[in-house]
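First the proteins, then the strands, lettered A, B, ... as listed; each starts at 1. Because the structure is predicted, anything quoted here is derived from the model rather than measured.
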Amino acid sequence: MMVIRPINKSDFADLCHLAKNTGFGVTSLPDNPNLLQTKIDKAEKAFAKKVDAPHAKYLFVLEDTDTSKVVGVCGIEAQVGLEDVWYNYRISTTVNASIELGVHNQTPTLYLTNDLTGCTEVCSLFLQSNYRKNSNGLLLSKSRFLFLADFPEMFSEKVFAEMRGYSDEQGQSPFWESLGKKFFTMEFSRADYLTGVEGKSFIAELMPKYPIYLPFLSEEAQKVVGHVHADTEPARAMLETEGFNFNGFIDIFDGGPAIEAFVNNIRVVRESFKRHAQVVKNPKVVTGGDSSLYLVSNRLFSDFRVALVPGASIRQDTIDIPVELAEQLKVCSGDVLRAVSLREMKR
Amino acid sequence: MMVIRPINKSDFADLCHLAKNTGFGVTSLPDNPNLLQTKIDKAEKAFAKKVDAPHAKYLFVLEDTDTSKVVGVCGIEAQVGLEDVWYNYRISTTVNASIELGVHNQTPTLYLTNDLTGCTEVCSLFLQSNYRKNSNGLLLSKSRFLFLADFPEMFSEKVFAEMRGYSDEQGQSPFWESLGKKFFTMEFSRADYLTGVEGKSFIAELMPKYPIYLPFLSEEAQKVVGHVHADTEPARAMLETEGFNFNGFIDIFDGGPAIEAFVNNIRVVRESFKRHAQVVKNPKVVTGGDSSLYLVSNRLFSDFRVALVPGASIRQDTIDIPVELAEQLKVCSGDVLRAVSLREMKR
Amino acid sequence: MLTVRPSTFSDLVSIEKLANHNSAKISTLPQQRDKLSAKIDASTRSFAGDESMGGIEQFLFILENTETGEVLGTAGIDRSAGNGQPFYNYRRDELIHSSRQLQVNNHIPILYMTHELTGKTLFCSLTIAPEYRGTEFFGLLSRARLLFIGLFKERFDEDIIIEIQGVSDETGDCPFWDSLGRHFFDMDFATADHYSGVKSKTFIAELMPSHPIYVPLLSDAAQAAIGKPHPLAEQNCQLLHREGFRVGNHIDIFDGGPTLGAHVNDLNTVKSMHTKTVKVTESNGGGVKYLICNGDFSDFKCVVGHLTDGIGDVIRINHTLAKVLDVSEKERVTFAPL
Amino acid sequence: MLTVRPSTFSDLVSIEKLANHNSAKISTLPQQRDKLSAKIDASTRSFAGDESMGGIEQFLFILENTETGEVLGTAGIDRSAGNGQPFYNYRRDELIHSSRQLQVNNHIPILYMTHELTGKTLFCSLTIAPEYRGTEFFGLLSRARLLFIGLFKERFDEDIIIEIQGVSDETGDCPFWDSLGRHFFDMDFATADHYSGVKSKTFIAELMPSHPIYVPLLSDAAQAAIGKPHPLAEQNCQLLHREGFRVGNHIDIFDGGPTLGAHVNDLNTVKSMHTKTVKVTESNGGGVKYLICNGDFSDFKCVVGHLTDGIGDVIRINHTLAKVLDVSEKERVTFAPL
């Protein structure tokens, strides 16, 4: 059985194992045991409400309860940029026009901004490759939106996700080659690693502060602004169906998009409903495929759990929860659950 | 009977009369007969499709058919900033932080941008004061959204409205006094007038181009950024109920907000529906107040008409249109109308 | 004899011919008749001391063969760079992007738009017939202006600047322009340069990017062209450098060419010029070559001639020289070593 | 006798006392013992010619009463402004916002962050006991550095700069800071200034606004303070101006005070200094007052003494002077008019 729950100390070894396999695309999950330990500690404090809500950095894991192994991880930062500084470029339009000369030019221009400061970030998503099936990915990613729906007062009203930007087969980012490299005089992978492990003051020190006119970048770099890495296309598509939009913010290193949504516009949040649990011994036999799956959360903050149930379990006033699942979800009959269909309903 | 229709040559005298009474808050309707004549000419060309769709500047009038007088006017610019340059400040956040010194400061920063270039503007709204009753204002303003709904291919997918910024009883704009005046060395009213009658190249020449840190402005100026003039509060509230949002763009002169919406998110557009006209001699007697009124458009481009009908006229498959109204709307039984409730429905 | 004197309207056709000669591309002399005519008009009024010029005098000198009446070159002085409008330059500066933590210390050159040279006295419009390039008359034409300024310092700014044409190839392609201005003007260098000569400068405010430019983002060729003179301008650069002009931090916003500058009192010609009383003699006199001019503002004349300078206040010049300079016995001439 | 010599660790307590005296507020001398100690260490290594200083030598001189052993003042030279980190200034520039159409022509002063003075030789850390302010020993202390640089030019940059404390009132409030830096640092001037002395400059990159500053948006008091020295620094300014230092376009990013600059060869002390061979005599000798120093790098000494300079290579000094300067017969001393 696959269950989402808060990370805890005992997950350290599993997390290290996962981090080894992320590659350098996932800055927030660096392959560095000390940092991972710190992340676990911070998450435990967050779930225990031992930090101020805006500073909380939550990490959830996906556990295969049959093997007791953690096979996936995902995170939420309550509000970014409160301790360090959160940077994005924002693509803006500069128009230069002269009626006298008959010239009217639009020049995309990148402004270094901290505009996402204080927003909630969903981040650190990683799923072990042999578990990338059976809706595990959707369960892992979307479970976070149930957490946002259950505890909106702990988060900003705007949430965003940074998507890994385009890089070629050799791992070269044309955006970095054309911009960041000229100011950082180091390889992308190193700069990317440093943002994960060092503070961000070096960005203030090294990054160009004046606006950048996009035509000064190479054509390859101009092309990939706001584009995601091929591997990230499905994640972007998924978030967009949930209501996320690209609004001009890109990563300062690789030009990848930050896509954003107001929490109450996210489909999972908007369509989710509360219903009482009905613990059952013999659940109705499931027919139909994945498309009728529902996410169900137990609405507990520190003991948060999410799992999938078949659509047939959703009754008029209750949700059927098999005994074994009830134990994993830590719920009894009569507890109020939050549920939502895993995928957008066809209309 | 109150009917919305395209402006035409014969409205010149009425328009001049209206323009005399707008005051200096409505830049786009200057009290200048030559300019008004030009605006009428342009609008006639637009409705006749004699200009490229993006360059069209539509003007609609509200006519009291009982007196044959034009008592209100409103406009749509298909795409702004294609000939001249469209300027806004965008409020951005600059974070300056030093962990070493324990400092973490957010500084609102104004960037001069042309980001609304290419968007559709609703503008030039003015209603004669003795007609500010009986939902005439809502009819005048919202009729434009039916035009957008009927002819989306003629407009941008994003539409915005610039709202007059705050000024005090003496007509002084604290934002202007603290910023624009220092660079233009003229009074607000003159600069405001000039943008209406001269080209905008003088803005490129005189306006500061580097970002402005908001704390450099006077406290009064900082306070009014994004605030509207008291007289404009109702208009803002109306647009917000229609789905418009403030997204950080303000007027470079008075700091008033530009509020924006995607066309397909505007309530009038989203909730409007098409139904056949049924011309009737004796319409059902109306009960209930204004709240049950519906906007009805005839869906004709060059002969566009909008009027109000009582909710009781909306039938399952048809809309009852009294004979007199049918004549004004230029519709016969069987023609397809677009209708939407004038106000948001309570849920 | 080759003489430098104020231009007149009767020179218009000759100047036009010069201006349209191929080699004039490196000059700031306008090529259109109406613009040239306006320039001569402004010059005529400036030499006449017309008060309505109000501090934006524009002087245009020509080099004439007094025997044939042929016009062989032009040289101009704008009292006030920009002629009442902003005078645009990029100013080269450098920011150090440094991180102790990462041991990175990058010097990032940056170009800032500036108007700080506006109002300084500008040397401009230098053109010479190709066969006289490389002769002493090139020096005569260029340096006559320094004698003029040295004589009438109170009428000019104490800082003199001169823009040197930047790098471009035979086809007129300009690497600095192609990497910078072109993105915003959407036209080639020649067209923009043309507009710059004939239009008011409003279009620069409208079209030039207003934010600082990071040099490392420009093309390699553009970076290499920053502050570099066009090969055809090198001789002039050499002369100016010898004269005391120095390369500063300002470059042309279109082609990246350097702007040279000097304090008027630091210029060799100004430092070494002397004014003495004329004694007209028959003999050719021998001596060495000097730049010699009369002290007349409106009828300024300057030539290359032989002199023997001594300790006294009197200097001998022969009849021919006196005639060309339009000076008589007991009048004064000013001279500086060639 | 009052002598200028390199600082040593044994001066630490005395210097600390000076640094913490009220009037030292206008100096860039650090007030914390560990920072002072580090500064003396750097100075000791610099005077010793320690190669590991690698071009960022920092020299600290003290003014000592050799009879009482009392330390009366300090004066420093940083070989390289910024000491290996970026050296921050605002550079004053001006843009002309001009519209012919509207007949508007506004000169808008702007401040650009710049590091272009980084690496120039910086005079710093000047402090003197209050009772010696206004005496010839103030000149001795300040100008001894010029003799030192004049003697060892190859070890310094050819441009010398010096930052003059800007305007602040008795309570330490600084109008330029209050209108600019304060918004971003969220602390008063004294605190920021303190951090500037004791922390690495990373925090400036982190906290100072990076976009150009439009001067008309600053408070009137701040605008008035731009480039203006603190009243207590005026005497020093006067001396520096006499010496040949000139106000440039650079100001301090915190208090708006001016930065003076000069080419080393343009400084009066450097231009007027002579080096001659010593003849030690008994007599006091008469003559006029000179700054006199030995030619020793590591054991540099400089005093005010009487001399009679003549045409020959030999200069007479008396025993006392010779002893204080640590020179013997036939060795050489350098001197310049006081």
Side-chain angles (χ1 to χ4, degrees), chain B residues 84 89-90 92-112 174-187 190-195 197-219 221-222 252, chain D residues 90 93-113 176-188 191-223 253-254:
Chain B
D84 49 10
Y89 276 122
R90 181 174 184 279
S92 200
T93 300
T94 301
V95 178
N96 292 95
S98 167
I99 291 174
E100 195 182 9
L101 267 54
V103 174
H104 200 283
N105 257 334
Q106 298 198 11
T107 307
T109 309
L110 303 178
Y111 287 93
L112 190 66
F175 189 80
W176 172 262
E177 294 295 316
S178 186
L179 180 54
K181 194 176 184 177
K182 295 182 177 168
F183 294 89
F184 282 76
T185 52
M186 60 182 78
E187 290 305 313
R190 179 163 154 76
D192 204 41
Y193 175 77
L194 286 171
T195 53
V197 302
E198 308 272 348
K200 291 197 179 160
S201 69
F202 79 92
I203 297 181
E205 292 172 324
L206 297 185
M207 206 58 194
K209 308 297 188 314
Y210 298 135
I212 304 291
Y213 296 106
L214 204 60
F216 289 160
L217 304 192
S218 69
E219 277 179 40
Q222 294 182 43
I252 57 170
Chain D
Y90 275 125
D93 202 332
E94 201 169 81
L95 282 175
I96 301 175
H97 289 205
S98 158
S99 168
R100 251 154 92 102
Q101 183 191 0
L102 304 190
Q103 309 237 324
V104 174
N105 205 43
N106 293 329
H107 290 242
I108 309 287
I110 295 183
L111 304 178
Y112 290 104
M113 184 75 82
F176 187 79
W177 174 261
D178 287 342
S179 185
L180 208 171
R182 188 174 201 130
H183 296 307
F184 303 91
F185 280 66
D186 204 19
M187 58 185 75
D188 62 20
T191 312
D193 205 39
H194 165 75
Y195 283 134
S196 175
V198 302
K199 302 276 186 187
S200 109
K201 297 300 166 61
T202 296
F203 80 94
I204 297 182
E206 290 173 327
L207 295 183
M208 273 310 271
S210 39
H211 292 297
I213 303 296
Y214 288 106
V215 173
L217 299 182
L218 302 181
S219 72
D220 290 344
Q223 293 186 42
I253 57 168
F254 282 3

A.B. asks: Heavy-atom pairs under 4.5 Å with chain B: which of D:F185, D:Y195, D:F184 has the most?
C.D. replies: D:F184

A.B. asks: Pick whichever of B:I212, B:T94, B:L101 has the most heavy-atom pairs under 4.5 Å with chain D.
C.D. replies: B:L101

A.B. asks: Less than 4.5 Å to any heavy atom of chain D: does that hold for the side chain of B:S218, its backbone, both, or neither?
C.D. replies: neither

A.B. asks: Less than 4.5 Å to any heavy atom of chain D: does that hold for the side chain of B:N105, its backbone, both, or neither?
C.D. replies: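 Contact with chain D: side chain only.
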
A.B. asks: Please state whether the side chain, the backbone, both or neither of D:L218 comes within less than 4.5 Å of a heavy atom of chain B.
C.D. replies: side chain

A.B. asks: For D:T191, is it the side chain, the backbone, both or neither that has a heavy atom under 4.5 Å from a heavy atom of chain B?
C.D. replies: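 Nothing of D:T191, per the 4.5 Å heavy-atom cut-off to chain B.
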
A.B. asks: Can you give me the closest heavy-atom contact between D:E206 and B:A97, atom names plus distance?
C.D. replies: CB-O, 3.3 Å

A.B. asks: Within a strict 4.5 Å, meaning less than it, do heavy atoms of the D:I213 and B:Y213 side chains meet?
C.D. replies: yes

A.B. asks: Excluding sequence neighbours, so at least two apart, what forms side chain to side chain donor-acceptor pair (under 3.5 Å) with D:S196?
C.D. replies: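 Per chain and number, D:S196 pairs via side chain to side chain donor-acceptor pair (under 3.5 Å) with no residue.
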
A.B. asks: To the nearest 0.5 Å, what is the distance between CD1 on D:I96 and CG on B:L206?
C.D. replies: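 Output value for this atom pair is 12.5 Å.
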
A.B. asks: Kindly list each side-chain donor-acceptor pair under 3.5 angstrom involving residues 179-186 of chain B, sequence neighbours excluded, with atom names and distances?
C.D. replies:
unit_1: B:K181; atom_1: NZ; unit_2: B:E177; atom_2: OE1; d: 3.2
unit_1: B:K181; atom_1: NZ; unit_2: B:E187; atom_2: OE2; d: 3.4
unit_1: B:K182; atom_1: NZ; unit_2: D:P216; atom_2: O; d: 3.4
unit_1: B:T185; atom_1: OG1; unit_2: D:N106; atom_2: ND2; d: 3.4

A.B. asks: Which region of D:L180, side chain (C-beta onward) or backbone (N, CA, C, O), has a non-hydrogen atom less than 4.5 Å from a non-hydrogen atom of chain B, or is it both or neither?
C.D. replies: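 Contact with chain B involves both backbone and side-chain atoms of D:L180.
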
A.B. asks: Quick one: closest heavy-atom pair of D:L217 and B:L217, and the distance?
C.D. replies: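 Heavy-atom minimum between the residues: CD2-CD2, 4.3 Å.
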
A.B. asks: Measure across D:H97 and B:M207 and return the closest heavy-atom pair with its distance rounded to 0.1 Å.
C.D. replies: CE1-O, 3.6 Å

A.B. asks: Between D:Y112 and B:Y210, how do the two ring planes meet: parallel, tilted or perpendicular, split at 30° and 60°?
C.D. replies: perpendicular

A.B. asks: Decide yes or no for B:F216 and D:H183: does some side-chain heavy atom of the first lie under 4.5 Å from some side-chain heavy atom of the second?
C.D. replies: yes

A.B. asks: Which answer fits D:M187, side chain, backbone, both or neither, if we ask what part of it has an atom under 4.5 Å from a heavy atom of chain B?
C.D. replies: side chain

